[in-house]
Protein chains: 2
Amino acid sequence: MKIGEMAKKTGCKVVTIRYYEKEGLLEKPGRTEGNYRLYGQDDQERLEFILHCRKHGMQLAEIRKLLAFRDRPQRDCTWITELIDAHIGNVDGQIAALQHLKKHLEELRQRCAGGRNGDNCGIMQSLDSLNACCASCARCAPDAGRE
Amino acid sequence: MKIGEMAKKTGCKVVTIRYYEKEGLLEKPGRTEGNYRLYGQDDQERLEFILHCRKHGMQLAEIRKLLAFRDRPQRDCTWITELIDAHIGNVDGQIAALQHLKKHLEELRQRCAGGRNGDNCGIMQSLDSLNACCASCARCAPDAGRE
DNA sequence: AGTAATGTCTATAGTAGCTGGAGAATCAAG
DNA sequence: CTTGATTCTCCAGCTACTATAGACATTACT
């Protein structure tokens, strides 16, 4: 199949397929007489593997490792478990950071009930001083005592 | 003060300060005879405003708008509330996506109890087929029926 | 057979928000 | 006077793509 067909089958954009090839995640495929890329079932499966990993938020570097393993599986695959665990920890951290951020944003939001004048907009004042919000928050301002 | 001192006071890296200047968020400061940047209290406060906004996950483009307003406050600041609201919605979406991702990762993690052989590593198999995990999940594979 | 529309090719540059390095100049301390 | 720290400018790189331009190939329709 040509690149467009594989793109349609996998839901991946044509440019992204070419990008993955350039990055060495996909092998250089054969070509038609007219220099069009020609893919087979294997290529499609490899691409789907990549897309599944991406769906799980993995980085291309991680996927590269997994692909190498996939190409030549070895006895020990505990590192994969570790990789996934590290990845989960990563995601956990991101969630925590975002939830914390949301709390601050909601506090900030409270400071403006809407329709205020610009001169004494509570939001702007908060962003200026940050004292009501972050100064007292160890996570945001571990060095708050200095200010 | 010179750039290094302001960096230390604000916890912002020197290169980042120069970057903000290049991006027009900070004004071009005066210079010493030896061409070193010289900052005052105003500059520090402006930088802190920027850093506070960044801490709230705002993009530089948004901060640019807020800075323009800060420079010349107008009657109506309802758009700021809207901006914050949109921002909160954004953060909410990110959290939801990450929590969903985490669920999948944990399912994936279950497939390998550790110490398995590479040939039949459950994680790799899942990433290959994705059938146990995502195919049945409307959020991940809205087109799952096609496969 | 001609033509128009679509698909594909390569190459390059841009996105966000910085980070890092090279090589030169300046400055403070001993 | 020398050493080391700081600063300067400029340019390249990071992630994972996306967008654009200009040319060639293929397909569909008349």
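Here the structure is a predicted model, which means the values were calculated and not measured. These values consider heavy atoms only, across backbone and side chains, with no hydrogens, waters or symmetry-generated copies. Lettering of chains follows the sequences in order, A, B, ..., and the numbering in each one begins at 1.
Nucleotide C:dT19 holds its P atom 13 Å from the CD atom of B:Glu23, rounded to whole Å.
Under a 4.0 Å N-O distance rule, the pair B:Lys28/B:Asp43 does not qualify as a salt bridge.
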Table of protein N/O atoms under 3.5 Å from nucleotides 15-17 of chain C N/O atoms:
from	atom 1	to	atom 2	distance (Å)
C:dG17	OP2	B:Leu60	N	3.4

Anything under 3.5 Å between a protein N or O and an N or O of nucleotides 4-11 of chain C, put it in a table, one pair a line.
from	atom 1	to	atom 2	distance (Å)
C:dG7	N2	A:Tyr36	OH	2.4
C:dG7	N3	A:Tyr36	OH	3.2
C:dT8	OP1	A:Gly4	N	3.0
C:dC9	OP1	A:Arg37	N	2.7
C:dC9	OP1	A:Arg37	NH1	3.0
C:dC9	OP2	A:Arg18	NH1	2.5
C:dC9	OP2	A:Arg37	NH1	3.2
C:dC9	O5'	A:Arg37	NH1	3.4
C:dC9	O3'	A:Arg31	NH1	3.4
C:dT10	OP1	A:Arg31	NH1	3.3
C:dT10	OP1	A:Arg31	NH2	3.1
C:dT10	OP2	A:Arg37	NH1	3.1
C:dT10	OP2	A:Arg37	NH2	2.8

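When the shell of 6.0 Å around CD of A:Glu27 is examined, it contains 12 or fewer heavy atoms from other residues, nucleotides or ligands.
Residues satisfying the side chain to side chain contact (heavy atoms under 4.5 Å, CB included) test with A:Leu83, not counting sequence neighbours, are A:Glu62, A:Trp79.
Formation of a donor-acceptor pair under 3.5 Å by the A:Thr10 side chain with backbone atoms of A:Met6 is found in this model. In this structure, the side chain of B:Arg64 does not engage the main chain of B:Gly24 through any donor-acceptor pair within 3.5 Å. In this structure a side-chain-to-backbone donor-acceptor pair under 3.5 Å is present from A:Arg54 to A:Met58.
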N/O donor-acceptor pairs under 3.5 Å from side chains in residues 84-95 of chain B, not counting sequence neighbours:
from	atom 1	to	atom 2	distance (Å)
B:Asp85	OD1	A:Arg109	NE	2.5
B:Asp85	OD2	A:Arg109	NE	3.1
B:Asp85	OD2	A:Arg109	NH2	3.2
B:His87	NE2	B:His56	O	2.8
B:His87	NE2	B:Gly57	O	3.4
B:Asn90	OD1	B:Gln94	NE2	3.4
B:Asp92	OD1	A:Lys102	NZ	2.8

Between side-chain atoms of residues 32-40 of chain B and protein atoms elsewhere (two or more places apart, or another chain), which donor-acceptor pairs fall under 3.5 Å?
from	atom 1	to	atom 2	distance (Å)
B:Thr32	OG1	B:Gly34	N	3.2
B:Thr32	OG1	B:Asn35	N	3.4
B:Thr32	OG1	B:Tyr36	N	3.0
B:Asn35	OD1	B:Arg31	NH1	3.4
B:Arg37	NE	B:Glu21	OE1	2.7

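Within the 4.5 Å cutoff, the side chain of A:Tyr19 has no heavy atoms near those of the A:Val14 side chain.
Contact footprint of chain B on DNA chain D: nucleotides with an atom under 4.0 Å from a non-hydrogen protein atom, first to last in 5' to 3' order, D:dT6 to D:dT9.
Atom CG of B:Leu67 is separated from atom CG of B:Leu26 by 8.0 Å, given to the nearest 0.5 angstrom.
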